[in-house]
Amino acid sequence: MRRRHFLTLSAATLGGVLVYSLDRKPSLLASQQKPVRIPLRFFTEAEALIVTAAVSRIFPSDDSGPGAREAGAAIFIDRQLAGPYGRDRFRYTQAPFEDAPRELGYQGSATPRQIYRAGLSGLQGFHLLPPAAQDEGLRKIETTLFFSLLRQNTIEGMFCDPLHGGNAGMIGWQLVGFPGPRMSNFDAVDQYYGKPFRPKPASLRQTTGAKVRPSEDES
Amino acid sequence: MKTLPAVDAVIVGGGWAGLLMAKELGARTSLNLVVLERGPSRGPSEYATDMDELDYAIRFRMMQDLSKETVTLRHDVTRRALPLRQHGAFLPGSGVGGSGEHWNAQVPRFLPDCFELLTKTTEKYGAHALPADHAVRNWGITYDELEPYYTRVDRLLGTSGQAGNLKGKLIDGGNIFDGWHSEEYPTPPTKMPYFSALFRDAAKSLGYHPYPAPSANISQAYTNPDGVSRGGCTYCGFCARFGCMMGAKAQPTTLLLPIIQKRKNVSLRAGAWVRRILFDSSPKATARGVTYVDSAGEEIFQPASLVFLASWTFNNTRLLLLSGIGEPYDPATGHGTVGSNLTHQVSVGAATAFFDQPLNRFMGSGSAGILFSDFDRDDLDRSSLSFIRGGYFAARGYGFQPSVLSACCQIPSKPLGDRNGRKLPFPTMTGLPRSVSLGSIWPTKPTSWTWTQFTKML
């Protein structure tokens, strides 16, 4: 039984729920007053702090909008690694493991969990570095499998449906003008030629009113 | 091994091919039929909650479970074939409806000369126009003979579009380079997403002949000849890799399953993974039935005197090879047919364009869009060129979801991690709302060295 680990996010980090107007003026809907302690499923607290710092360099926040840290990408990745994806449930994982042309995809035997664990062990103290040094550190590993997974998972955590633990407050969707799943765009599809169509975002659970079971909660 | 009561016929595979066969045979004969599908039972009622990009489009929930079963690939005979470990360019489905559940519902027709490609090509360009390693053949059936069946399929699916060649009469606005159609499409063209409309106007201004893509994701409510009614597309944009929650997209579970379920002489068994076709070779070759493993892992013998293979190219070939039926293709000698002439459709991303104005690309469908076929026609003489076939260009309003698009659009060699004009340290996403990719679709040439066979793995 592993010791329980938590990621503690300060009010400033989590930022409450940000909502963006069409001209990208952010406003804070429900600001968190107290720090939030989120139980971790896979990462240790130290690992979670490194991942949080790394995702916020891959997709930083700035005055134009929030980034992957605010979207909760680290929480998303933690849940993914704890679930079937993390142990390679979706991949063919039998031998032979051989070098192959890039087009044949990753042919190795390491699971995402193993890749992260090994990759993070090389980034100790990363979260304590200033941003420029963090970018430098990530550049050194930019061609590794670990970084390509981290980058891909950061994007997923930024833009996934909030039911997976990322895209908190649907801030990723608001950044790119994606309203989430909608039952119908029939009236709008040919009425907004060249103009932004930005209905209020809604998640899958909000849209359907249904309980949706994400893959990370399956065995 | 458990032996079940005999049936007249077994159909292996519960996708478009298998369920269509079950529907037709069930209605036209009194044969007692059973359809065996390896994947789970599923249908439109489950698709209302599938609009989740991560689990469906990135983790591939509707696809073949590669952890249990996959294929191996190699680029040429000198290399070792290696397993397809994660889904990539082609996405074989698993479950009732097969890949017909998660397809985009694009329904173009082949050009008339495709059916007699060997004859037509050699007539036009001479015997040496095709390279020595080609394996081009005639189909043994002509477009004219097949046209009534294309039309029947369009009626079954309710295809939306505008014909450009009605019995030889060319009609502006449709595909004038298409083979003849005996009647207009059952439903009018779909609505056009913004980018498709831009592309249509641009193509027209350049003198091309853009036309609305034929779409089995239909534009309005329609009742097909079997009495199956469904509503029109709402352009939610969750088509490829998803089942259609509206049932507007033609899916086997929407169009075929309800008919089959009403027939007493047809039954469907999900979770039935066929492993062998059993047969007697003497006094004359006769099918005895199939063995399959059910979802509980039990091996079962289903006797039948007719066996139909409808489980797609890879699995059909595999079952024939496993069962010792037919002669395996040997590229060294050119003998044998089982596994020969593997081809695939090539879709080429031709260009990525960035716009100042938002494109609202989340609205659309997998088949709504504009095509032009000015380079995809069988009446051009290309003898002065270094190629003989063509392809069509497409601007479809797929209805992209954010992570797929950012993953597709990222160009690692260039710092396109651009958000609101500001560079991001690492390439993560392009201007999603304002960028689009154009595609073109081309045939692949069958060759003597594109085939399927068994590979020794260990």
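Order of the sequence lines fixes the chain letters, A, B, ..., with proteins taken first and strands second; residue numbering starts at 1 for each chain. Just the heavy atoms: all of them, side chains too, but no hydrogens, waters or symmetry mates, feed the values below.
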**Prompt:** Could A/R139 and A/E136 be called an ion pair, given the rule that one side-chain N must be under 4.0 Å from one carboxylate O?
**Reply:** no

**Message:** Please check this pair: side chain of B/Q401 against backbone of B/G237, looking for a donor-acceptor N/O pair closer than 3.5 Å.
**Reply:** yes

**Asked** For chain B, which of A/P181, A/G166, A/A210 has the most heavy-atom pairs under 4.5 Å?
**Response** A/P181

**Message:** So for B/F362, is it side chain, backbone, both, or neither that comes closer than 4.5 Å to the heavy atoms of chain A?
**Reply:** both

**Asked** What option among B/Q86, B/R79, B/H87 has the most heavy-atom pairs under 4.5 Å with chain A?
**Response** B/Q86

**Prompt:** Side chain, backbone, both or neither: which part of A/A188 has an atom under 4.5 Å from a heavy atom of chain B?
**Reply:** both

**Prompt:** Pick one: which of A/F197, A/Y193, A/Y192 meets ring pair (Phe, Tyr, Trp, His ring centres under 6.0 Å) with B/Y194?
**Reply:** A/Y193

**Fill in**
In short, B/N217 meets B/T190 closest at the heavy-atom pair O-CG2, 3.7 Å

**Message:** Heavy-atom pairs under 4.5 Å with chain A - which of B/L198, B/L66, B/L73, B/D50 has more of them than the others?
**Reply:** B/L66

**Asked** Side chain, backbone, both or neither: which part of A/K211 has an atom under 4.5 Å from a heavy atom of chain B?
**Response** neither

**Item:** Main-chain N/O of B/E69 paired with B/Q64 side-chain donor or acceptor, under 3.5 Å
**Value:** yes

**Asked** What residue pairs, at least two apart or across chains, pass salt bridge (Lys or Arg N to Asp or Glu O under 4.0 Å) with a residue in residues 167-190 of chain A?
**Response** A/D190-B/K191

**Message:** Whether the side chain of A/R213 engages the backbone of A/D217 through a donor-acceptor N/O pair (distance < 3.5 Å, no angle test) should be reported.
**Reply:** yes

**Complete:** In terms of heavy-atom pairs under 4.5 Å with chain B, the winner among A/D88, A/T93, A/V189, A/D161 is A/V189

**Message:** Using heavy-atom distances under 4.5 Å, tell me whether A/D99 contacts chain B through its side chain, its backbone, both, or neither.
**Reply:** backbone

**Message:** Counting heavy-atom pairs closer than 4.5 Å to chain A, which one of B/M51, B/R59, B/M246 comes out on top?
**Reply:** B/R59

**Fill in**
If one checks every heavy atom of A/P131 against chain B at 4.5 Å, the contacting part turns out to be neither

**Message:** When you compare the side chain of A/L175 with that of A/M158, does any pair of heavy atoms fall below 4.5 Å?
**Reply:** yes

**Complete:** Note: vs chain B, highest number of non-hydrogen pairs under 4.5 angstrom among A/S203, A/P179, A/P101 is A/P179

**Asked** Which atoms of B/D65 come close to chain A, meaning under 4.5 Å heavy atom to heavy atom: side chain ones, backbone ones, both, or neither?
**Response** side chain

**Message:** Can you tell me which portion of B/H75 sits under 4.5 Å from chain A's heavy atoms? Options are side chain, backbone, both or neither.
**Reply:** side chain

**Structural part of B/L84 lying under 4.5 Å from a heavy atom of chain A** = backbone

**Prompt:** Between B/R74 and chain A, which part of the residue has a heavy atom less than 4.5 Å away: side chain, backbone, both or neither?
**Reply:** neither

**Asked** In Å, rounded to the nearest 0.5 Å, how long is the span from OH of A/Y106 to CZ of A/R91?
**Response** 5.5 Å

**Prompt:** Quick one: what part of B/M245 sits under 4.5 Å from any heavy atom of chain A, side chain, backbone, both or neither?
**Reply:** side chain

**Prompt:** Is the backbone of A/F126 close enough, under 3.5 Å, to the side chain of A/Q134 for a donor and an acceptor to pair up by distance?
**Reply:** yes

**Fill in**
Between A/I171 and the options A/P201, A/P162, A/P66, the side chain to side chain contact (heavy atoms under 4.5 Å, CB included) test singles out A/P66

**Request:** Check each atom of A/L204 against the heavy atoms of chain B and say whether the ones under 4.5 Å are side chain, backbone, both or neither.
**Result:** side chain

**Prompt:** So what's closer than 4.5 Å to chain B heavy atoms on A/R205: side chain, backbone, both or neither?
**Reply:** neither

**Fill in**
Applying a strict 4.5 Å limit to non-hydrogen atoms, the region of A/V212 in contact with chain B is side chain

**Prompt:** Which one of B/C236, B/A197, B/G399, B/A368 has the most heavy-atom pairs closer than 4.5 Å to chain A?
**Reply:** B/C236

**Prompt:** Contact part of A/S215 toward chain B, heavy-atom cut-off under 4.5 Å: side chain, backbone, both or neither?
**Reply:** both

**Request:** Against chain B, label A/Q80 side chain, backbone, both or neither, depending on which of its atoms sit under 4.5 Å from a heavy atom there.
**Result:** side chain

**Item:** Separation of B/L342 CG from B/T452 OG1 (nearest 0.5 Å)
**Value:** 6.0 Å

**Item:** Criterion side chain to side chain contact (heavy atoms under 4.5 Å, CB included) against B/S367, the qualifying member of B/C233, B/C239, B/S215
**Value:** B/S215

**Prompt:** Looking at B/M192, B/M363, B/M63, B/R85, which has the largest count of heavy-atom pairs under 4.5 Å with chain A?
**Reply:** B/R85

